Amino acid sequence: MAGKLIDGKEISSQIKAELAQEVGRLQKENNITPGLAVVLVGENPASKVYVGQKEKACAELGIFSQKHTLSAETSEAELLDLVRSLNEDPDIDGILVQLPLSGHIDENKVIETIVPEKDVDGFHPVSVGKMVIGLPGFRPCTPSGIMELLKRTGVDLVGKEAVVVGRSNIVGKPISLMLLAESATVTVAHSKTRDLGEVTRRADVLVVATGRPNMITADMVKEGVVVIDVGVNRLDGGKLVGDVDFDGVREKASAITPVPGGVGPMTIAMLMYNTVQSAKRRAGAPVSV
Ligand code: NDP
């Protein structure tokens, strides 16, 4: 029987509705409007789409968004100056510099210049360090979106075999740590893994973030697996597919995310979540990050 669809659109809508209420309360009780600054450098078409989606989500929730569009020729020093001024801006609770940046700008330097208190992307080494040792702090949006999908689908992770395929700083590594924090037994696979299928077949929960279209096939999973497909790949004909062969794998899975409509919408919802938490901290209210 085909596995249940984990509907990221629906779950992200629930999260956004909850956040819209919190934004309303912050405005009413504390006279505070959460503020997100988004910085876009250059003309990368995908980056423009992502920035547009983030602005739209802010507008939906009543979050103030401030977009800074800089030319591709912007120097690293100019970008760092902008980040420093946003660090000081009392109306801004979150700063997001859309990645990737062009080659002449050191991404790590930019990320490290954002104050950790406004690091709503969760990429600052301080945020990453806090995640590693289990302290509160901003968690990166895509993996925290995956954790919300699992939680709201009722997937119990304690003692389960979780396999993560991919070890990037933005998805693979952080999701591995977050699954571990929930007491799953975590295995991380990557391009040098010998016999990937042997590893993925162990998974009760399989998270795939490789950017390789349809690479996980039905023979690589066991019956009843829960599959989270992070991949976003555009095929030659224009069709968007994940890293998992959806139709084949769904036959064996107990639950699976579609692409599109799975992890993607969650990433933006969790960015909104982090921004609202940051604004709550400004209001002196208890926060859950
Ligand atoms: P990266 O390219 O940074 O990392 C890919 C990882 O996959 C690497 O660790 C690589 O291993 C591993 N890998 C590649 N090929 C294989 C293979 N044949 N077998 C096993 N492992 C392999 O990608 P990201 O983590 O940034 O993104 C992954 C995918 O997720 C992309 O499609 C991206 O578009 C999507 N994505 C979606 C988001 C969303 O919001 N929905 C957000 C972020 C990403 P190695 O380290 O050895 O090279």
Side-chain angles (χ1 to χ4, degrees), residues 6-12 15-16 38 44-54 56-57 96-101 107-108 111 120-123 128 138-150 162-179 186-203 206-217 219-221 227-236 238-246 249 256-274:
I6 303 178
D7 188 343
K9 258 197 192 155
E10 171 62 29
I11 296 175
S12 66
I15 293 171
K16 286 195 279 186
V38 182
N44 182 324
S47 292
K48 279 186 175 171
V49 171
Y50 294 140
V51 165
Q53 289 171 341
K54 289 164 189 176
K56 188 166 157 259
L96 182 147
V97 180
Q98 186 65 47
L99 302 178
L101 294 169
E107 278 185 7
N108 287 327
I111 292 168
V120 286
D121 245 348
F123 294 157
V128 177
F138 290 120
R139 302 295 190 246
C141 301
T142 300
S144 60
I146 295 171
M147 295 308 285
E148 274 306 307
L149 283 179
L150 293 171
V163 174
V164 176
V165 189
R167 55 173 164 178
S168 70
N169 288 339
I170 63 167
V171 190
K173 272 185 212 159
I175 190 63
S176 307
L177 288 160
M178 290 161 94
L179 290 163
V186 182
T187 305
V188 185
H190 46 77
S191 69
K192 306 289 186 295
T193 297
R194 273 184 285 139
D195 199 349
L196 183 63
E198 187 270 319
V199 176
T200 54
R201 271 189 296 274
R202 284 186 228 151
L206 178 64
V207 179
V208 189
T210 62
R212 302 277 179 273
N214 299 326
M215 69 167 284
I216 301 294
T217 46
D219 58 308
M220 296 170 79
V221 300
V227 179
I228 305 288
D229 187 354
V230 187
V232 180
N233 309 290
R234 196 160 299 272
L235 299 182
D236 284 345
K239 191 179 175 213
L240 212 57
V241 299
D243 295 346
V244 175
D245 171 23
F246 181 82
V249 171
I256 185 167
T257 58
V259 178
V263 175
M266 294 300 291
T267 299
I268 293 183
M270 298 319 287
L271 174 67
M272 300 297 115
Y273 177 87
N274 280 350

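Just follow the structure's listing: the first ligand is 1, and inside any ligand the first atom is 1. Computed from a predicted structure; not experimentally measured. Values below: all heavy atoms of this structure, side chains included; hydrogens, waters and symmetry mates excluded.
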So is there a nitrogen or oxygen of Arg167 less than 3.5 Å from a nitrogen or oxygen in ligand 1?
yes
Atoms in ligand 1 with a heavy atom of Thr267 nearer than 4.0 Å
39 (C), 40 (O)
Could you check which of Pro265, Ser191, Pro100 puts a non-hydrogen atom nearest to atom 48 (O) of ligand 1?
Ser191
Judged on heavy-atom distance to atom 15 (N) of ligand 1, which of Arg212, Arg234, Met266 sits nearest?
Arg212
May I ask you to decide if Asp219's main-chain N or O and Arg201's side chain share a donor-acceptor pair within less than 3.5 Å?
yes
Under 4.0 Å, heavy atoms only, figure out whether ligand 1 is touched by the backbone of Met215, its side chain, both or neither.
side chain
For atom 36 (N) of ligand 1, what is the closest protein heavy atom, and at what distance to 0.1 Å?
Val230 O, 3.7 Å
Ile111 vs Val97 side-chain heavy atoms within contact, under 4.5 Å
no
Using side chain to side chain contact (heavy atoms under 4.5 Å, CB included) as the criterion, point out the one residue from Leu96, Leu271, Val120, Ile146 that pairs with Cys141.
Leu271
Within the protein, is there a heavy atom lying under 4.0 Å from atom 11 (O) of ligand 1?
yes
Val165 to ligand 1: N or O pair under 3.5 Å?
no
Within 6.0 Å of OH in Tyr50, more than 12 heavy atoms from elsewhere:
no
Would you call Ile216 and Val227 a side-chain contact if the rule is heavy atoms closer than 4.5 Å?
no
Less than 4.0 Å is my threshold; does some heavy atom of Gly264 fall inside it relative to ligand 1?
yes
Taking Asp243 for its side chain and Thr210 for its backbone only, find out whether a donor-acceptor pair lies under 3.5 Å.
yes
Got a donor-acceptor contact below 3.5 angstrom from the Glu107 side chain to the Pro100 backbone?
no
Donor-acceptor contact below 3.5 Å, side chain Asn274 vs main chain Asp121:
no
Using modelled atom types and a 3.5 Å cut-off, is there a donor and acceptor pairing between side-chain atoms of Thr257 and backbone atoms of Val263?
no
Less than 4.0 Å between atom 27 (O) of ligand 1 and some protein heavy atom, yes or no?
no
Atom 31 (C) of ligand 1: of Gly8, Gly211, Pro140, the nearest heavy atom sits on Gly211
Taking 4.0 angstrom as the limit and counting only heavy atoms of Ile170, give me the atoms of ligand 1 inside it, by number and element.
26 (O), 43 (C)
Check for me whether Ala209 has a heavy atom closer than 4.0 Å to any atom of ligand 1.
yes
Under 4.0 Å from one or more heavy atoms of Asn233, ligand 1 contributes atoms 32 (O)
Do Met215 and Leu196 make a side-chain contact, defined as non-hydrogen atoms from C-beta onward lying under 4.5 Å apart?
yes
Contact atoms of ligand 1, heavy-atom distance to Thr142 under 4.0 Å:
40 (O), 42 (C)
Heavy atom of the protein closest to atom 34 (O) of ligand 1 (residue, atom name, distance)
Val232 O, 3.7 Å
Using the rule side chain to side chain contact (heavy atoms under 4.5 Å, CB included), only one of Val230, Val165, Val164, Val171 pairs with Val208; which is it?
Val165
Among Met266, Met178, Met270, exactly one meets side chain to side chain contact (heavy atoms under 4.5 Å, CB included) together with Pro143. Which residue is that?
Met178
Does an N or O anywhere in Ser168 fall below 3.5 Å from an N or O of ligand 1?
yes
Which segment of Thr193 sits under 4.0 Å of ligand 1 when only heavy atoms are counted:
neither
Please work out whether any backbone atom (N, CA, C, O) or any side-chain heavy atom from C-beta onward of Thr210 is under 4.0 Å from ligand 1, and answer side chain, backbone, both or neither.
both
So which protein heavy atom does atom 44 (C) of ligand 1 come closest to, and at what separation?
Val171 CG2, 4.0 Å
